[in-house]
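All remarks here apply to the structure that follows.
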Protein chains: 2
Amino acid sequence: MANTVQAKQADISITACSYRRVLEIISNKWSALVIYALEDGSLRYGEVRRRIEGVSQKMLTQTLRQLERDGLVRREVTPSVPPVVDYSLTPLGETLINTLRHLKLWTAEYYPLVEKARAEYDRVNGDDGI
Amino acid sequence: MANTVQAKQADISITACSYRRVLEIISNKWSALVIYALEDGSLRYGEVRRRIEGVSQKMLTQTLRQLERDGLVRREVTPSVPPVVDYSLTPLGETLINTLRHLKLWTAEYYPLVEKARAEYDRVNGDDGI
DNA sequence: CGGTATCCGAACGGATACTG
DNA sequence: CAGTATCCGTTCGGATACCG
């Protein structure tokens, strides 16, 4: 911590370290989608599954368990036959969805530009080699 | 498109579909970290690498190429010996970092609660079985 | 300095079958 | 209905060696 440069680098490393952890929460294929599916309120397992096109039973269950462990989603079991299991966002989960909304807005506004950039990149560097 | 329920589900699917694509941009291990490393301006390859603790040469190069293809990062080569390669955010990349900042703020404020939730979950469901 | 190429284990994630 | 268990291919990502 001698000079400002070193101090700043240390700060970046520390920040990056914890920052990486959040990314681990939402960076798998389905977590953010599940959180989004629950934004309007409680849903049963099957309803969540129907809302998220393409998710398998295995991955949905795994994702829900992980989010439950992280304190973002609440799981409520009504022991009946057949069983009823409801999922909803916890207050902590609600705080995260506000943040995720910004990501969604960015997508809506700028994703076409990303696709355009990709097409241009592929046109230039494209299928020339191999 | 008979009733509102179906219409809403369709809308969710479409949104989720494109939303998933942004997640693909930043959901790998290093992309968001690289974007963050470049927030203060242009950096040389080695400087980026030193800023991101733990990244390997292979993954850094791969991540930078991908971000370049997505139009988020610009790569400028000065052909000298030894070569100099500078990386910086494009205007499009700048728009994304504003969004990512919200994620970082969320982390700073709420991540401790996530860790607490995990500890509690593990305490309850913990190492009882297997 | 700033890469590329290759090998390899670990993790991700889909398909299928079975259960309370 | 809401899972669990298993198999298995694909991708991720680190280590190492080499290159212009």
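Lettering of chains follows the sequences in order, A, B, ..., and the numbering in each one begins at 1.
- The side chain of A:Gln57 sits closest to D:dA2 out of D:dG14, D:dA2, C:dG3.
- Taking atom CE of B:Met59 as the reference point, atom C1' of C:dG2 lies 17 Å away to the nearest angstrom.
- Going from atom CG of B:Asn28 over to atom P of C:dG13 covers 12 Å, rounded to whole Å.
- For the pair B:Gln62 CD and C:dG3 P, the computed distance is 13 Å after rounding to whole Å.
- Between A:Gln66 atom CD and C:dC12 atom C1' there is a gap of 12 Å when expressed in whole angstrom units.
- Remark: B:Arg75 is in phosphate contact with C:dG3, judged by side-chain N or O atoms under 4.0 Å from OP1 or OP2.
- Rounding to whole angstrom units, CZ of residue B:Arg44 and P of C:dG3 are separated by 10 Å.
- Closest approach of A:Gly71 and A:Thr90 over heavy atoms only: O-OG1, 2.6 Å.
- The side chain of A:Arg49 contributes no N or O atom lying less than 4.0 Å from OP1 or OP2 of D:dG3.
- Between A:Asp40 and A:Arg51, at least one side-chain N (NZ, or NE/NH1/NH2) sits under 4.0 Å from a carboxylate O, which counts as a salt bridge.
- Taking the charged nitrogens against the carboxylate oxygens, B:Asp122 and A:Arg69 do have a contact shorter than 4.0 Å, which makes a salt bridge.
- At the phosphate of D:dG3, OP1 or OP2 sits under 4.0 Å from a side-chain N or O atom of A:Tyr87.
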*Would B:Arg123 and B:Glu120 satisfy salt bridge (charged side-chain N to carboxylate O under 4.0 Å, His left out), going step by step from the backbone distance to the final call?*
CA-CA 5 Å; B:Arg123 195 182 61 75; B:Glu120 174 65 12; 3.0 Å; yes
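- Atoms CD (B:Glu68) and P (C:dG2) sit 15 Å apart, rounded to a whole Å.
- Between the side chain of A:Lys58 and the base of C:dG14, at least one donor-acceptor pair of N or O atoms lies under 3.5 Å.
- Here the C1' atom of nucleotide C:dA11 and the NZ atom of A:Lys29 are 14 Å apart, to the nearest Å.
- Each of A:Pro83 and B:Glu47 was assigned the nucleotide of DNA chain C with the nearest heavy atom; the assignment lying further toward the 5' end belongs to B:Glu47.
- Closest approach to the B:Trp30 side chain among D:dG14, C:dT4, D:dT4 is made by D:dG14 (side chain taken as heavy atoms from C-beta onward).
- Classification of the B:His102-A:His102 ring pair by plane angle, with boundaries at 30° and 60°, yields parallel.
- Here the P atom of nucleotide C:dG20 and the OH atom of A:Tyr45 are 18 Å apart, to the nearest Å.
- For A:Arg65, counting side-chain heavy atoms from C-beta on, the closest listed nucleotide (D:dT4, C:dG13, D:dG13) is D:dT4.
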